[in-house]
Every structure is written in structure tokens, then in C-alpha cells.
Amino acid sequence: MEERYDPQKVELKWQKYWAERNIFKTEQDSSKKKFYCLEMFPYPSGKIHMGHVRNYAIGDVIARYKRMRGFNVIHPMGWDAFGMPAENAAIKEGIHPAKWTYENIAYMKKQLDRMGLSYDWDREVTTCSPDYYKWNQWFFLKMYEKGLAYRKSSFVNWCPSCMTVLANEQVIDSGCWRCDTAVIKKELEQWFFRITHYAEDLLNACDELKGWPEKVVLMQKNWIGKSEGLEADFKVAEMDARIRIFTTRADTLFGATFVCLAPTHPLSEKLAADKEALKKVKERYGKEDEKIGLFTGRYAVNPANDEKIPIYIANFVLMEYGTGAIMSVPAHDQRDFEFAKKYELPIKIVIMPENSELQTSNFELNAAFEDEGILVDSSSYSRLRSDVARIEIAKHIEKKGLGKRVINYKLRDWGISRQRYWGTPIPIIYCEKCGVVPVPEQELPVILPEDVKFTGTGSSPLADSEKFVNTSCPKCNGKARRETDTMDTFVDSSWYFIAYCFDNGKIDFNSQLSTLNSQLGYWMPVDQYIGGVEHAVLHLLYSRFFTRVIKDLGIINPSEPFTNLLTQGMVCKETLKCPEHGWLLPEDVKDEKCVKCGKAVERGRVEKMSKSKKNVIDPDHLINKYGADTSRLFSLFAAPPERDLEWSDQGVEGAHRFLNRIWGIVYKNRNALCVTRNELKNKNSLRITDYASCLPRKTHQTIKRVTNDIEREYHFNTAIAALMELVNDLSSFDPKTQDDWKAFRFSAETLLLLLSPFSPHISEELWESMGNKKSILEQKWPSWDENIAKEEEIELVIQINGKVKAKIMIPAGLSDDEVRKKALNEPKTQEIIGKKALKKVFIVKGKLVNIVI
RNA sequence: GCGGGUGUGGCGAAAUGGUAUACGCGUCAGGUUUAGGACCUGAUGAGAGAAAUCUCGUGCGGGUUCAAAUCCCGCCAUCCGCACCA
């Protein structure tokens with residue numbers, strides 16, 4: 001055994017050992033309980049970053065821990081390999097996206113292996129490989145057959161920088177989720193997945209997601225955005241036309257004083273006399289600044305009271321939600337109120353607060369009253385409570401055949417067409433005679449051609465590829481053209497967790513149709529999913545949708561893919577800023593000054609690591625300097641997983657020092673350790689000196705604490721703190737007798753077992769150096785004995801009137817009476833109580849006595 | 001505006017009704033070393049005191065309780081998500 005701990009040497013040795021024995025390969029074994037541990041697969045951007053290190057360290061601890069607990073653990077990894085950066089690299093640097101992607105994958109795979117992650121690489125998936133994306137196409141065809149994939153023309157979100165369409169979920173603060181560029185609306189023919197078909201189920205099942213963070217469930221619910229209301233027809237006066245509006249406040253129907261149409265509403269063009277003015281309203285559509293409108297010159301008839309009210313076209317009315325038209329009740333809706341004030345439209349109060357005088361005349365509004373209340377001036381519905389009236393009025397409208405009660409969702413169908421090259425070709429052919437024809441299943445995959453030109457001018461390389469585009473119709477064999485749009489890359493990641501379940505990465509859903517519940521049935525669903533919260537709606541919602549589609553195809557049983565979800569916090573670091581040179585690297589700062597200009601450097605906020613802010617740590621450097629074990633240990637120790645982690649170079653040193661200390665302890669005692677057998681496992685009573693008996697107790701306490709901390713929402717930071725305490729005891733332990741040595745060996749072995757999920761390489765090495773033959777991976781997780789763990793003596797805190805006055809040592813397990821007696825007899829207690837009468841004595845077993853006087 | 005999280009030593013954090021600050025970092029002192037580094041030992045919430053001790057202390061203000069970082073009510077700060085959704 002070496003005197004010095006050399007992480008590079010140790011880690012490479014054990015990585016080789018694991019790889020050579022293919023020790024992480026997983027096989028279906030129905031006799032064992034499975035555990036599916038999954039981390040979000042990375043986009044192969046070139047190198048892993050600290051966010052990956054943290055994510056994958058967390059996942060690896062869980063996988064290794066569960067394995068030691070006897071589960072048949074599946075722990076796969078793969079590559080989210082289609083996407084824009086590859087194509088941009090092709091345009092900028094002339095490297096083919098495939099080459100760029102596969103080279104990145106090769107490098108990043110090495111990096112992951114260097115971290116010592118326990119992946120079964122035989123299950124690796126790469127989404128840009130035809131073997132994988134073939135199944136994107138297959139799912140597309142199945143969905144097309146069932147009407148779940150369809151084509152329509154609509155106004156879509158267009159990112160001018162990425163030169164492609166974005167789904168609603170991919171627009172963040174009216175910008176592109178990838179590059180922040182302001183998104184514009186563009187009318188295009190697009191393919192959609194009918195996710196709204198599952199809206200109700202996706203929403204209801206939210207309540208079953210007990211293992212998900214509440215925050216994420218809430219975001220999903222809000223995104224689906226269910227609202228119940230009434231659709232009602234307002235006839236257009238002197239015209240054969242109706243305007244269908246949607247409202248959640250049917251109780252305010254009598255207060256409607258005008259109607260507003262979305263600028264893109266089909267009737268807007270017809271009704272608007274002034275086309276120029278309409279154009280202006282259209283330009284300001286959906287902009288969150290000022291409300292503007294245009295009077296059409298036409299009137300609508302309120303179905304409740306046959307009043308004629310003006311029809312406006314307003315920029316704030318969205319075509320995408322409800323019916324694209326609203327009734328405006330300025331007294332009870334703030335937006336309508338503002339609009340009415342601006343265009344001097346009447347404001348009619350129909351709801352009054354409860355307990356107020358029901359006199360509208362002396363009630364001046366300076367804002368809309370949006371709360372529930374009592375109806376007034378609403379014919380026979382007056383004096384009803386608004387929640388009751390809402391239903392009654394809706395029923396009435398329904399009965400008259402002027403509308404119906406409906407449920408609306410904010411969720412829109414998922415637009416999946418992308419006008420880019422590096423993605424899955426949509427398996428559709430357009431025939432001059434037959435129209436839209438799906439590619440026959442047996443002709444899949446439609447291969448993405450590699451010999452295309454990357455011009456960067458915005459037209460898709462696929463559309464320019466004659467060889468790809470020109471084809472023959474599968475139906476009539478006539479001249480036809482291929483669809484040249486590719487699929488959104490979120491399609492790829494919506495089912496990859498199911499792909500891993502096929503042995504050796506051989507994906508075949510066809511065979512699954514006849515043999516439900518074999519591999520997929522055994523492994524699905526994912527027991528623990530770990531990733532960033534940034535996918536709270538995007539990827540997680542799409543995956544829930546896909547899982548339902550696949551379930552409905554009869555391929556799997558569960559409709560929810562992820563039983564437990566852990567959203568880890570961000571990795572953050574202090575930022576440094578020079579007033580002249582902007583963000584600075586740590587090495588650009590000397591004595592709080594910028595090395596370029598000498599100006600005082602501002603120590604900025606602790607922010608998420610990002611290249612642009614120059615506050616990143618390169619995992620390669622870190623691992624070269626300290627090794628994977630230290631890197632993993634620090635990122636697990638510095639904060640609980642769900643919270644943001646603040647990077648600290650000194651903290652990393654501390655983690656490294658801890659591992660060094662363990663190495664030192666084993667090294668120092670190596671000879672004695674090797675000749676001592678660990679016999680404490682079976683025997684509780686050895687002749688250990690009093691001094692030494694503390695160690696087995698501490699060890700059992702540590703097993704208990706580490707196990708409970710891991711089980712209690714993976715609180716690795718406190719688990720590691722417990723290990724540090726054990727090491728502190730171990731390093732001051734000085735064995736005297738033969739049995740002392742046995743206690744020492746037991747503790748040291750237990751320490752390594754408990755440490756192994758966190759820092760596996762050093763654990764293996766020291767485990768071996770103590771004379772153990774089998775890998776630590778094949779060991780069972782230790783269990784504790786409550787009898788050994790419990791203290792013989794406890795410290796009793798004596799409080800008087802709730803304040804700590806004394807602490808005494810007493811034997812554990814005394815009765816309340818005895819504890820009371822001891823506390824009252826304590827001199828300090830006597831002194832304070834004096835002649836005062838006792839009011840009451842509270843006893844907390846094993847901890848504390850509170851004497852009230 | 002609505003919803004959610006967070007707020008505890010010099011710093012990362014621990015404690016989910018019962019000793020506030022475990023564990024780590026930093027700092028200080030001592031040891032070791034030719035020196036530096038590394039390592040080892042000890043101290044380390046604030047204030048007062050020679051000391052024993054005492055007082056204060058978990059963002060702020062109230063409340064419940066024998067007992068509150070923890071439960072309740074009302075604020076403040078900060079971060080995140082959603083946002084003209086009718």
C-alpha cells in the first residue's frame with residue numbers, strides 16, 4: 001500500500017477493474033426487486049459541465065446505494081444527440097453535424113467514465129442514430145393512424161435567429177428558450193401532436209405524482225390551465241352572423257357592455273370597416289403594453305337581455321385561447337375596465353360585495369370588482385350569490401340553445417415541425433395525386449441524408465437535397481415529394497427512458513406489441529429521475545404525454561413514466577466584474593484589482609455557473625487536480641441536492657483533506673488491520689476496554705444516521721457529516737487489546753462501505769488494502785443494531801422555566817420518577833428553586849427536564 | 001398582479017415543538033518543520049466580567065405553548081415560475 005493517496009492512480013485502476021468485469025451490466029431478473037435510477041441524458045455539446053457532475057454524482061450515489069441494498073438496479077446513460085448546435089457548427093466551421101456530434105459523445109463518455117459512474121453502457125442510446133430515430137418515425141405513424149398526429153396551418157412562434165418554429169412551451173418570456181431572441185408570429189403549415197387529447201388525464205394524474213416536488217406539479221397544472229366556463233353566442237345585429245364568446249363568469253353576463261374580437265378572429269376582417277386601423281391593431285397583438293381597440297361599427301345582441309352592445313376588435317384578446325372572442329364586463333374585469341375607460345364605454349355594475357347596501361347608484365368604481373358577491377340588475381337572477389348565478393345563467397343559455405358549458409385548457413397541441421436539418425425526418429410523402437401519404441412502416445427509417453449543403457441562409461438543407469426530396473408515392477407510385485421538416489428534438493427525449501429497457505440497446509417496439517410486460521414491464525416506470533428544474537414543463541410534460549400514447553398502443557402498463565423526481569439545484573459561483581473589462585476570470589484578479597487595468601474589482605453575486613459570466617469550473621481540471629472521488633464528495637456535501645450549491649475552492653480542499661485522512665488512518669494501521677478479522681458482525685460482546693467500546697457504538701450510530709439521511713430525501717450532506725464524525729473518532733482511537741483491534745477493523749470496514757456510494761474508488765482501494773478479496777460493490781449495505789447504537793449514559797438538560805440551567809450525566813433508561821428526582825436533587829436546581837413552590841415538571845425522555853416554578 | 005421557495009455564526013450549512021449553530025470552510029493559538037506548504041492538537045455566535053457566571057441571539061413585529069428557528073397572524077428582503085388565459 002502506498003503511503004500517499006494518489007487519486008489518479010487509484011481511480012483509473014478501479015475504473016479499469018469495473019469495466020473489464022462489465023460489473024454494471026444489468027439483466028432482467030424477476031426474482032429480484034428492480035430499481036430504475038435515471039439521470040437526464042445530456043446534449044453532447046462538447047464537454048460536461050459542473051451541472052452534469054452534480055446531477056450524475058447524485059444519481060450514482062442512489063444507484064450504488066440501492067444496489068448494495070439488494071435491488072436489481074438499472075442505471076443507463078445516453079445522448080440527446082439531435083439539435084441545433086451541431087448544425088450551427090456545420091455552418092460556421094464546416095464540420096458535418098454527425099462528425100461533430102459523435103466526436104463530442106466520445107469525449108464526454110470518457111469524462112463520465114472518469115467520474116466513476118456506474119452505468120450499464122450496453123444500454124446506451126444515441127438519438128441521432130437511425131436505429132433510434134426510426135422509432136420516432138414509428139411513433140409518428142402510429143399517432144397519425146390514431147389521429148394524434150395531424151397537420152394544420154396556424155400562427156406559430158418563429159425564432160428568427162434559429163430560423164425555425166418553436167412550440168408554446170419553448171417560448172420563455174416571449175423569447176426563444178435557446179437563444180433568447182424575440183419570437184415572432186408566422187403562419188405556417190405544421191405537424192402537431194394532439195397532446196390536448198390527454199389534457200384532462202395529464203391534469204388529474206398530477207395529484208398522483210406524490211414523489212414529485214410540489215413546485216413542479218404545480219407548474220404542470222398551471223401549464224395545462226384548465227378553466228370551466230360558458231360559451232355563448234352573441235348575434236350580430238342586422239347580419240347573419242354570430243360571435244361565440246367564452247367566459248368563466250357567466251354570472252356577469254348582464255353586465256356585458258361590449259364584445260371584443262381577437263384581431264385574427266375570422267369575423268374581424270369581415271366586420272372591420274377600416275382595414276388600415278385593423279392592421280394597426282394586429283401589429284400590437286399580444287403585446288403586453290397598452291390595450292388598443294377598434295370599433296367595428298357593428299353591434300351584438302346580449303343573449304341574456306337582448307341589449308345591443310358595440311363590437312370591438314382588441315389587441316389584448318387572444319385567438320389562441322377560448323373562442324378568440326370575449327364579452328366585456330368592465331365593472332368586473334380589470335382589463336375590460338381599462339378598455340372601457342379609454343374608449344368611454346358604459347360600465348354596468350351587476351355584482352355587489354356581500355354585506356354591502358345593494359345600491360349601485362352610490363357605488364363609484366375606480367377599479368373592477370372581480371370578487372364574488374351578490375347579483376344586482378340582472379333580471380330574475382338579482383339577489384343570487386354569484387357562484388349560484390353562474391350555474392343558473394349558464395343553464396339558461398344552454399336551454400335556449402345559445403351556448404353550452406365548456407372546459408377550456410391553456411395547453412395547446414404540440415407543434416413538432418422544425419425547419420432544420422439535424423433532426424428526425426418526418427415520415428410523410430406528398431403525392432400530386434394522393435395528397436398526404438405516410439411512409440409505410442416497413443420502409444422505416446427514413447434516413448437523414450448526410451451529403452447535404454450547409455449554407456446558413458435559412459433554407460433547410462433537406463429541402464435543397466433533390467435526392468432526398470424527390471421520391472415516388474407509396475400508394476400510386478407517381479411523382480411525389482418528401483416532407484422536409486424534421487421533428488422537434490423534444491420528441492427524442494420523450495421516450496428514451498423506455499428505450500433503455502431493451503437489452504443491449506436493441507430497440508424493438510414491434511415485438512413488444514405481442515409480448516407486453518417482458519423487459520419493459522419489468523423495468524418501467526423509472527423509480528428515481530434526477531435532473532434540472534428547467535424541464536419542469538417541457539420535457540417532463542412531453543414524456544408524460546408520450547408514455548400515455550405508448551400505454552394506449554398496448555406496449556407498457558404505467559401511464560406515468562417517473563415515480564419519483566428530484567430536481568437538483570443549480571451549481572453557482574461568485575462572479576467578478578471589472579468596471580471596464582466586464583466579467584473576469586479569477587486569475588484576472590490580483591489583490592481585488594483587475595490585472596488588465598488596475599481598477600477595483602466588484603465581487604458580484606453568486607450566480608449560476610455560465611461561460612459568459614466567467615464563473616465556471618472545468619470538471620477536467622478539477623478531476624485532474626483532486627480526482628473524481630473528491631469532486632463527487634464535495635458536490636454532495638456542500639448542500640442538499642434540491643438546493644443551489646455554492647462553489648467553494650476551499651470546500652473542495654476540505655473534501656480532499658477528508659479522503660486523505662481516511663487514507664492516512666488505514667495506512668498507519670495497515671499491518672494490524674490486515675491480520676485482524678472483523679468479528680464484530682456476529683458478536684456483540686467482545687472484551688473491549690471501556691475506552692474502546694465507544695467505537696462500535698459510534699459506528700452503529702453512523703450506520704443508522706447515514707442510512708436514514710439517504711432514505712430521508714437523499715440528504716447526502718448530513719450523511720457525509722456523519723461519516724466525518726466517525727473518521728474523527730477513528731483517528732483518535734488507539735487500540736490496546738486484540739479485541740480493540742477488532743472493533744477498529746469493524747469501524748474502518750463499515751466506514752468504507754458507507755462511503756462507497758459517494759467516493760467509490762478510494763473505498764474500493766482501501767477495502768482491498770485491508771485484505772478483502774471481493775469488490776466492495778458486492779457487499780451488502782451494513783445494518784445497525786439498536787442495542788449497540790444506544791448510549792449507556794445520556795446528558796440530561798435541566799431547564800427552569802424553559803431556560804437551561806444545568807446539564808448532568810445520568811444512566812439511560814431511567815424512569816420518569818428517577819429522572820425527576822435526579823433533576824430536583826441537583827445542587828444548581830436547589831439553589832435556584834430555593835423555597836419557591838413547584839408548579840409543574842415536564843420530562844422529555846432521554847433528553848430534558850423542564851421545572852416550572 | 002398571482003403562485004412557490006429561501007432568509008440561522010465571518011462563510012457553506014445542521015437542527016421540523018425540547019440543549020440553536022452538528023459537520024465542513026475560514027480565523028486565532030500551540031506543536032512539527034531549516035523555511036514555506038502539508039499535517040496534528042486546541043479555541044472560535046455577540047456583549048459584559050478577573051472569574052464563576054449573566055444577558056442577548058435563527059430577517060422584522062405580534063401570538064399560541066411549560067418550551068418556538070420549527071406552529072399561527074401580520075410585515076420586509078431576496079430568488080424562481082406564471083402572467084392581458086377572459
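For clarity, every value in this text was computed on a predicted model and none was experimentally measured.
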Between protein and nucleotides 76-82 of chain B, what N or O pairs are separated by less than 3.5 Å?
| residue | atom | partner | partner atom | Å |
| --- | --- | --- | --- | --- |
| B:C79 | OP1 | A:R605 | NH1 | 3.0 |

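- Considering only side-chain atoms of A:K803, the nucleotide from B:C54, B:A13, B:C56 that sits closest is B:C56.
- Residue A:G322 is classed as having no contact, given no heavy-atom separation below 4.0 Å to the nucleic acid.
- The ring of A:Y285 has its center no closer than 6.0 angstrom to the ring center of A:F316.
- Between the P atoms of B:G30 and B:U21, the separation comes to 28 Å (whole Å).
- A straight line from NZ of A:K573 to C1' of B:G12 spans 15 Å, rounded to a whole angstrom.
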### Task
Would you check, one step at a time, whether the test side chain to side chain contact (heavy atoms under 4.5 Å, CB included) holds for A:L540 with A:Q220?
CA-CA 9 Å; A:L540 291 171; A:Q220 295 246 333; 3.6 Å; yes
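- No hydrogens or angles considered: nothing links the side chains of A:S227 and A:N408 as a donor-acceptor pair under 3.5 Å.
- Atom CG in A:L848 sits about 12 Å away from atom P in B:A68, given to the nearest Å.
- What separates NE2 of A:H715 from P of B:G12 is a distance of 18 Å, to the nearest Å.
- When each of B:A86, B:G24, B:A15 is scored by its nearest atom to the side-chain atoms of A:R712, the top-ranked nucleotide is B:A15.
- B:U41 and B:C79 have their P atoms separated by 42 Å, given to the nearest Å.
- Nucleotides B:A15 and B:G31 have their P atoms positioned 38 Å apart, rounded to a whole Å.
- Looking at A:Y667, A:F658, A:Y626, A:W663 one by one, the single match for ring-ring contact (aromatic ring centres under 6.0 Å, His included) with A:Y5 turns out to be A:W663.
- Evaluation of the salt bridge (charged side-chain N to carboxylate O under 4.0 Å, His left out) rule for A:K822 yields no partner, not counting sequence neighbours.
- Within a 6.0 Å sphere centred on NZ of A:K342, other residues, nucleotides and ligands contribute more than 12 heavy atoms.
- Comparing B:C54, B:G18, B:C40 against the side chain of A:K847 picks out B:G18 as the nearest.
- Base orientation of B:G9: syn, the glycosidic angle falling within 90° of 0.
- Across the protein-nucleic acid pair, A:I794 atom CD1 and B:G18 atom P stand 16 Å apart, rounded to whole Å.
- Taking atom P in both B:U16 and B:C76, one finds a spacing of 30 Å when rounded to whole Å.
- Atom pair A:I851:CD1 and B:A67:P shows a separation of 15 Å (rounding to whole Å applied).
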### Message
Let's test your reading of the pairing rules: Watson-Crick or G-U wobble, both distances under 3.5 Å, then write RNA chain B as a dot-bracket string with ( ), [ ], | and dots.
### Response
(((((((..(((.....[....)))((((((.......))))))((((....))))..(((((..]....))))))))))))....
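- Proximity note for A:V804 (side chain, C-beta onward) versus B:G12, B:A20, B:A22: the nearest is B:A20.
- When the C1' atom is used for both B:A68 and B:G62, the distance is 14 Å, rounded to whole Å.
- For an aromatic pair to be called close, the ring centres must be under 6.0 Å apart, and A:F339 with A:Y312 satisfies this.
- Taking only side-chain atoms of A:F842, from C-beta outward, the nucleotide of B:C23, B:A15, B:C66 with the closest atom is B:C66.
- Separation of atoms NZ (A:K608) and CG (A:N615) is listed at 11.0 Å; rounding is to 0.5 Å.
- Here the nucleotide nearest the side chain of A:N728, chosen from B:A86, B:G24, B:C54, is B:G24.
- At a cut-off of 3.5 angstrom, the base of B:U19 holds at least one donor-acceptor pair with the side chain of A:E795.
- Out of B:U19, B:A15, B:C25, the shortest distance to the side chain of A:Q650 is found at B:C25.
- Closest to the A:M724 side chain, of the nucleotides B:U6, B:C23, B:A86, is B:C23.
- Annotation: B:G37 and B:C28 have their P atoms spaced 11 Å apart (nearest Å).
- Atom P of B:G81 sits at a distance of 27 Å from the matching atom of B:G74, rounded to the whole Å.
- Counting to the nearest Å, the C1' atom of B:C25 and the CZ atom of A:R657 are 8 Å from each other.
- Comparing B:A15, B:A86, B:C54 by their nearest atom to the side chain of A:T248 picks out B:A86.
- Each of A:K828 and A:G324 was assigned the nucleotide of RNA chain B with the nearest heavy atom; the assignment lying further toward the 5' end belongs to A:K828.
- As judged by a 4.0 angstrom heavy-atom cut-off over every strand, A:L218 is placed among residues touching the sugar-phosphate backbone only.
- For the side-chain contact (heavy atoms from CB on, under 4.5 Å) with A:V329, the qualifying choice from A:T247, A:I351, A:T252 is A:T252, the only one to do so.
- The nucleotide whose nearest atom lies closest to any side-chain atom of A:N850 is, among B:A15, B:A67, B:U19, B:A67.
- We find that CD of A:E831 is positioned 10 Å from P of B:U53, with the value rounded to whole Å.
- Nucleotides B:U44 and B:C60 place their P atoms 25 Å apart, quoted to the nearest Å.
- As rounded to whole Å, 13 Å separates atom P of B:A83 from atom CD of A:E320.
- Taking 4.0 angstrom as the limit, A:R4 places none of its side-chain polar atoms (N or O) nearer than this to OP1 or OP2 of B:A38.
- Using a 4.0 Å heavy-atom distance criterion, A:V844 is classed as a base contact.
- When the side-chain nitrogen and oxygen atoms of A:N717 are compared with OP1 and OP2 of B:G12, none of them lie within a distance under 4.0 Å.
- Side-chain N/O atoms of A:S648 include none lying less than 4.0 angstrom from OP1 or OP2 on B:C11.
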